[in-house]
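Notes follow the structure.
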Amino acid sequence: MNVTEKILRAHLVSGEPAAGREVGIRIDQTLTQDATGTMAYLQFESMGIDRAKTELSVSYVDHNTVQIGFENADDHDYLQSVAQRYGIVYSKPGNGICHQLHLERFGKPGKTLIGSDSHTPTGGGLGMLAFGAGGIDVAVAMGGGPYYIAWPKVVGIRLVGSLAPGVSAKDVILAVLRRFGSKGNVGKIFEYYGPALAGLDVPSRATIANMGAELGVTTSVFPSDAVTRAFLKAQGREADWTPIEADDETYDETWELDLSALEPLAAAPHNPGNIETVAEHLGQRVNQIMIGSCTNSSYRDIKTVALLLKGRQVHPDVEVGIACGSKQVVRMLADEGLLGDLLAAGCRILENACGFCIGAHMSPGTDAVCLRTSNRNFEGRSGTQSAKVYLVSPETAAASALAGAFADPRALDVPAVATPERFAIDDGMFLYRDTAGRGVPGAAIRRGPNIGQVPPGRPLPETLEGVAVIKVGDKITTDHIMPAGARLKYRSNIPEYAKYVFEHTDPAFYAAAVANRDAGKANVILAGESYGQGSSREHAALCPMFLGVRAVIAKSIERIHRANLINFGIVPFAFADPADYGRVPQGAPLRIEGLRAAIAGDGRATVTNLSDNTTFDVVTELSDRQKRLLLAGGLLAAVAQGQA
Ligand code: MIC
Ligand code: SF4
């Protein structure tokens, strides 16, 4: 068996292990972050479960730490009180980014992890099977319930050769993205193997696994070997190590990548799948460079940058920001004098949090060209619609910071930063470890005025009478559907946050959707390929549900978003004939007769466009569980009706 199968089979609780079939797996660990966590815990509370039943559940606060106004602070306070009550470890704001912290302090080879964040697969760097999921799925797993995925096809990525100085893990994953693209990989798990792994430390593996999210795969995984052991030992956790390696090349598909042949790469605007070479851009002026995010904020990454910038000055016309991934990274750099070197070089040292990556601050200027070491460069995600964001390695970012333009780091003397013998361990900002798994029954939950409620779902109607309220193109991301950045503070307040659905894509969306909903009409979203790319934010389903959206009809829908739609009672249809996409205009009045029967049956339905009386067919493939959820009006409604 390969690593994927070994871990999946050891956790299988229901279903048949055949490609594409839905299986339920037992979840050992969960994580949440604040921006999705408040909804996850509100849903957990509404399930009436007395404590977290996993081996470990951690609630991280890393996304909304800017705290303009009272909302973020109230969210943190709510999360802290929930953690104490239900036996969840709480990571205070300022401790670091969830994925980096989880890797450092909690991840264990061979375990399963789900997190209400799409980059949870970062844990694959440690030999875990880690999945990004909706908040409600995490709530279910905390209650001891299984997590459902389609049994994957496993793609073996064989890494051979070795990276040249100046070329690093980010270039590896960008090369994988160049080969496989950012769509069309649904239902697959990428498993890395081969002789080059011996030269890839855990942070590098984690960078690669992290950006598997951008491929759209279910997750990515590395074996657990001597390199993993050395990392865990240096974190004082050697006892958490267990070996897991593939027995053989038992993959559904394989692809070989020679690391020796790699050169510095960049993902060009506005998609992580648009891969170009740094060489193509050499000398092109850059306005802003941001180094950090859960992709590239480890001790290895930031130390490499610090050593490259030490004793030099960043170009006067470029703004350089550095956000370390965790308190551990900040402390080690400080102890080694490297933070001082970064300051002396003219960098802005930012909080060790998500920050710039989610557009919470550090938005670039109009038409700015930015290099970022993060994982997503979707249009407007930085907070500036006209900015052009390129995703690059820390080495390319540092070389370009000195030049004020795209530069090839191989021209510099790039140091090799090894895993230290011992990381600086300080778990002081993790609370409630002593009551983890038990909680404090009866402890008060604190709710500020911004902490709302989860809106109830309604059963699916027999006949859908609706309107194609919006028609969008290909690769519409959850950032398009439900913007983050400046709007993040409304994550716990659905009626308020819903005002910003499709804010930049169609400013008239909210008013139109409300008018249809209030007139008793269902809203239907029409979309092209790969709808719902990107984040796991279930708000991209929850807020549309609140606005009366009952169906999405797309050419294809990405995995996590599709699961979120089902969890909130929105039918994820595909055009039976993709050519029909071109025939239905925005605003068309639509009718689907026998909708409930179609969902209960084979998932096929006929849609009538009432404006010209034409029809087209749609289809959705559902497991019996998913059918029950949709018919009931979503997961919470199904739980209430005893149908989950
Ligand atoms: C992201 O990187 O897009 C986020 C912000 O981390 C999201 C979660 C969210 O929207 O809160 C993700 O990746 O799931
Ligand atoms: Fe945070 Fe960015 Fe990572 Fe999302 S991708 S978890 S916003 S650092």
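Remember, it's 1-based here, ligands and their atoms both numbered in the order they're listed. Note that these values count all heavy atoms, side chains included, but never hydrogens, waters or copies made by symmetry.
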Which residue owns the protein heavy atom closest to [atom], what's the atom, and how far is it?
| atom | result |
| --- | --- |
| atom 3 (Fe) of ligand 2 | C294 SG, 2.3 Å |
| atom 7 (C) of ligand 1 | S535 CB, 3.2 Å |
| atom 2 (Fe) of ligand 2 | C357 SG, 2.3 Å |
| atom 2 (O) of ligand 1 | R381 NH2, 2.8 Å |
| atom 13 (O) of ligand 1 | S118 OG, 2.6 Å |
| atom 8 (C) of ligand 1 | Q33 NE2, 3.1 Å |

Can you tell me how far apart [atom1] ([X]) and [atom2] ([Y]) are? Round to the nearest 0.5 Å.
| X | Y | atom1 | atom2 | answer |
| --- | --- | --- | --- | --- |
| S530 | I476 | OG | CD1 | 10.5 Å |
| C543 | F502 | SG | CZ | 11.5 Å |
| R537 | I481 | CZ | CD1 | 9.0 Å |

Hey, which atoms in ligand 2 end up nearer than 4.0 Å to a heavy atom of [X]?
| X | value |
| --- | --- |
| H119 | 5 (S) |
| D117 | 6 (S) |
| H63 | 1 (Fe), 4 (Fe), 6 (S), 7 (S) |
| I358 | 7 (S) |

With heavy atoms and a 4.0 Å threshold, my read on which part of R381 contacts ligand 2 is side chain
Between N375 and ligand 2, which part of the residue brings a heavy atom under 4.0 Å of the ligand: side chain, backbone, both or neither? side chain
Check [X] against [Y] and note the closest heavy-atom contact, atom names and distance.
| X | Y | result |
| --- | --- | --- |
| L339 | V330 | CD1-CG1, 3.9 Å |
| L565 | P572 | CD1-CB, 4.2 Å |
| H76 | N64 | NE2-O, 2.8 Å |
| Y78 | Y41 | OH-C, 3.4 Å |
| D137 | I114 | O-CD1, 3.5 Å |
| I570 | V549 | CG1-O, 3.4 Å |

Which atoms of ligand 1 are found less than 4.0 Å from any heavy atom of [X]?
| X | value |
| --- | --- |
| R491 | 9 (C), 10 (O), 11 (O) |
| I358 | 5 (C) |
| H63 | 4 (C), 5 (C), 6 (O) |
| T36 | 9 (C), 11 (O) |
| A35 | 11 (O) |
| S536 | 12 (C), 14 (O) |

Using non-hydrogen atoms of the residue, decide whether H539 is closer than 4.0 angstrom to ligand 1. no
Closer than 4.0 angstrom: is that true for some heavy atom of M482 and an atom of ligand 1? no
Would R372 count as a contact residue for ligand 2, given that I'm defining contact as a non-hydrogen atom of the residue lying under 4.0 Å from a ligand atom? no
If you measure from each heavy atom of H99 to ligand 2, is any distance below 4.0 Å? yes
For R559 and E22, run salt bridge (Lys or Arg N to Asp or Glu O under 4.0 Å): C-alpha distance rounded to whole Å, both residues' side-chain angles, the deciding distance at 0.1 Å, then the answer. CA-CA 12 Å; R559 178 188 77 92; E22 188 176 87; over 6 Å; no
If I apply the N/O under 3.5 Å rule, does R537 come out as touching ligand 1? yes
Run the side chain to side chain contact (heavy atoms under 4.5 Å, CB included) test on T112 and I7 for me, step by step, so that the C-alpha distance in whole Å, both residues' side-chain angles and the decisive distance to 0.1 Å come before the verdict. CA-CA 8 Å; T112 53; I7 305 178; 4.1 Å; yes
Is C354 close enough to atom 2 (Fe) of ligand 2 to have an N, O or S atom under 2.8 Å? no
Please determine if R487 forms a cation-pi arrangement with Y500, meaning its NZ or CZ atom is less than 6.0 Å from the six-membered ring centre and no more than 45° off the ring axis. yes
Apply the salt bridge (Lys or Arg N to Asp or Glu O under 4.0 Å) test between E395 and each candidate in K170, R300, K303; give the one that qualifies. R300
Under 4.5 Å between any side-chain heavy atoms of Q328 and Q235, yes or no? yes
